[in-house]
Each structure stands twice: as C-alpha cells, then as structure tokens.
**Student:** 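Take a look at the following structure, please.
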Amino acid sequence: MPTSSASTTDSARSSANGGVQSLERAFDLLERMADAGGEVGLSELSASSGLPLPTIHRLMRTLVACGYVRQQPNRRYALGPRLIRLGESASRLLGTWARPYLARLVEETGETANMALLDGDEIVYVAQVPSKHSMRMFTEVGRRVLPHSTGVGKALLAGFPAEEVRALLHRTGMPAATEKTITTPDGFIAALEDVRRQGYAIDDNEQEIGVRCLAVSVPDSPTAAAISISGPAGRVTEAATDKIVPVLQQVAAELSEALASQSPA
C-alpha cells in the first residue's frame, strides 16, 4: 500500500496535458461506472482502467465522501445522487448551446427543430425552436418518451449494438402510441438498419398521427444526442425529405464541432 505522503504526491501530480492526474482518473472512473450500467466492483474498475486497486480505492473513498458515488450493502459502488444535479444542469446548458443551430434548421426547413438526449432508457427533449407556421409541432422541453416510437430514438439507437437495443426494448416494452408504431424488436432492429443505410431516421406517424419527423445523431457528442425537425405529414413529404436531410446532417456536423470546442484540447 502507498504511504500517505505518496498519496498526497499522487493527488497533486500533473498529467501530461497539464491537468491534475488524480482528478482525471476520478472522472475516468465515473465514466467507466456509467458505461457499466452505474454499479461496479473495485476489481472490475481495476481491470478496465489498468489502475492498481489501492489507487482506485482511494479515489472512490473521495467520491463517496463528496456524494458522487455511494457504496452499496454488497460493497459494490454505484453512481451517487449528486451527479443528478450536475447532469440536469449540463443537459440544460447543452440545449442552450444547441438553440442557434436549431434556429438555423427552422430558417432553412420551415419546420420545428428539436434536440434530444438518451437518458437511461428514455429520450428526453432538451431544446426546441418552433416553426413559424401557424400549424406547427410542439414538444415540451423536458418531455420524456420511449425511443422506439420516435425519430430521435431511432437515430440515437442506430449506433448501439443490436443486443443492447434488444435489452433496452425488453426493459421498456414497446407500447403503441399510434397504429403505425413499431411494436416488435425485430421490426425495430430492421428500422435501425435502414437508419444506418440512409444516414437519417424517420418517424412516420409513429408517435402522433399526422406528424412526420426526420432525425440524425450528433456525431461524437459527449453524450448520445440527436437533432430533428417535425411537422405535418402534408409538409414533411418524401420530396421535402430530400431537401431537409442534407441540412440536418450539415447542422449536426457543425453542432458536433461546437461541442468539441467546449472540451479541453
């Protein structure tokens, strides 16, 4: 075991990019916990991170003391409740950053523009700019829906392995929002294959009759995110799709660059 003086030295040691090594390691452990479903054991963290158990134990004790991690009765570690407040604030800020890009989508397509994230097993809308048409779609920011009936849900889940998608669908079920909602895992997996092939997702009256939505994921987003436009099926036609999709893809790429610029080099 390292001595207390060695621990202090490690905590203050700078990393290669000028940051504090112990802080970088702590955030890396939090992300590994999230990737593992939110609960892990020390040995699992050691195997995935390559860090020695004493170092991980010291970092986890600090995170527990701060409320960002909690230790379960089975001695495994789980993400703590203080992360919820940080996540909610970050989601709101992400929506704020996205609004100028959504506004451009509205200007160029004429339809309501949305941004959504995958939060656990649900889709949560974090930003919207409404269309200027008198007949327009409106989704309340903060609204949560299941991913199988939405364009943004398809766009987000198209990047996940099929077995993970099936597990999610098993947890959530696939209730029908309309008569056109996909309600079988095989049907949804096939729809995701179409998304990957086409480069965009469609909600064709699947969440609400009379409404069509086109969506794309935001490449390399720090959290799984997608943007979309939604409007009456009479306006978001097949012909309109050919014009709208390239705009969606371009704005998603530009938003991705903007989000990357917010991160340290």
Side-chain angles (χ1 to χ4, degrees), residues 17 24 27-38 79 83-106 108-109 111-129 139 141-162 164-165 168 172 191-203 213-230 244-265:
N17 64 11
E24 291 178 350
F27 279 111
D28 178 66
L29 293 179
L30 289 173
E31 291 190 4
R32 291 178 187 278
M33 291 179 71
D35 290 342
L79 296 176
L83 289 172
I84 296 173
R85 182 170 64 89
L86 296 181
E88 290 175 344
S89 297
S91 293
R92 288 194 295 270
L93 186 56
L94 189 60
T96 300
W97 285 336
R99 281 188 63 82
Y101 297 89
L102 300 183
R104 195 179 123 207
L105 271 179
V106 174
E108 296 198 27
T109 69
E111 304 299 343
T112 296
N114 313 280
M115 183 178 191
L117 308 179
L118 183 63
D119 184 21
D121 290 344
E122 297 178 316
I123 297 297
V124 58
Y125 289 90
V126 296
Q128 181 181 83
V129 175
T139 298
V141 172
R143 182 188 180 198
R144 291 174 174 271
V145 296
L146 296 181
H148 71 282
S149 61
T150 65
V152 286
K154 292 175 187 174
L156 289 167
L157 292 181
F160 285 64
E164 291 186 22
V165 175
L168 182 151
T172 63
L192 297 187
E193 292 174 359
D194 291 339
V195 174
R196 288 188 284 269
R197 176 174 49 82
Q198 297 171 161
Y200 66 95
I202 302 176
D203 160 12
C213 172
L214 305 173
V216 298
S217 62
V218 179
D220 304 316
S221 174
T223 187
I227 58 173
S228 68
I229 64 91
S230 55
I244 292 172
V245 168
V247 178
L248 267 172
Q249 293 170 332
Q250 178 63 33
V251 171
E254 292 176 7
L255 179 55
S256 174
E257 291 179 8
L259 293 175
S261 72
Q262 300 292 334
S263 302

**Student:** Would you mind writing out the side-chain donor-acceptor pairs for residues 144-159 within the sub-3.5 Å range, not counting sequence neighbours?
**Tutor:**
from, atom 1, to, atom 2, distance (Å)
Arg144, NH1, Asp119, OD2, 3.0
Arg144, NH1, Glu122, OE1, 3.3
Arg144, NH2, Asp119, OD2, 2.6
His148, NE2, Pro175, O, 2.7
Ser149, OG, Gln207, OE1, 2.5
Thr150, OG1, Pro147, O, 3.3
Thr150, OG1, Gly153, N, 2.9
Lys154, NZ, Ile202, O, 2.7
Lys154, NZ, Glu206, OE1, 2.8
Lys154, NZ, Glu206, OE2, 3.0

**Student:** Report the distance from atom SG of Cys213 to atom CD of Glu111, rounding to the nearest 0.5 Å.
**Tutor:** 10.5 Å

**Student:** Is it true that, when you exclude Asp121 itself, more than 12 heavy atoms of the residues, nucleotides or ligands shown sit nearer than 6.0 Å to its CG?
**Tutor:** yes

**Student:** Distance check, rounded to the nearest 0.5 Å: Ile227 atom CD1 versus Gln128 atom CD?
**Tutor:** 13.5 Å

**Student:** Side chains of Phe160 and Leu168: does their closest heavy-atom pair fall under 4.5 Å?
**Tutor:** no

**Student:** Measure the OH-OG distance between Tyr101 and Ser256 for me, rounded to the nearest 0.5 Å.
**Tutor:** 10.0 Å

**Student:** Does the Gln249 side chain pair with the main chain of Gly199, one donor and one acceptor, at a distance under 3.5 Å?
**Tutor:** yes

**Student:** Would a distance-only check, ignoring hydrogens and angles, find a side-chain to backbone donor-acceptor pair under 3.5 Å from Arg143 to Val124?
**Tutor:** no

**Student:** Is there side-chain contact between Asp194 and Arg197, with heavy atoms separated by less than 4.5 Å?
**Tutor:** yes

**Student:** Quick one: pull up CG in Asp203 and OG in Ser228 and give me the separation to the nearest 0.5 Å.
**Tutor:** 9.0 Å

**Student:** Looking only at heavy atoms, which two atoms of Leu102 and Val129 are closest? And how far apart?
**Tutor:** CB-CG2, 3.7 Å

**Student:** Which value, rounded to the nearest 0.5 Å, describes the distance between Gln198 atom CD and Leu214 atom CG?
**Tutor:** 10.0 Å

**Student:** Locate the shortest heavy-atom distance separating Ala252 from Pro219; write the atom from each residue and the value.
**Tutor:** O-CD, 3.7 Å

**Student:** For a quick test of reading the model, state the closest non-hydrogen atom pair linking Leu105 to Ala113 and the distance between them.
**Tutor:** CB-CB, 3.8 Å

**Student:** With heavy-atom distances below 4.5 Å as the criterion, would you say the side chains of Val106 and Thr112 are in contact?
**Tutor:** no

**Student:** Are any of the side-chain heavy atoms of Leu255 and Met115 separated by less than 4.5 Å?
**Tutor:** yes

**Student:** Can you sort out the partners of Glu31 under side-chain contact (heavy atoms from CB on, under 4.5 Å), two or more places apart, ordered by chain and number?
**Tutor:** none

**Student:** Looking at OG of Ser221 and CG of Leu117, how far apart are the two atoms once the value is rounded to the nearest 0.5 Å?
**Tutor:** 7.0 Å

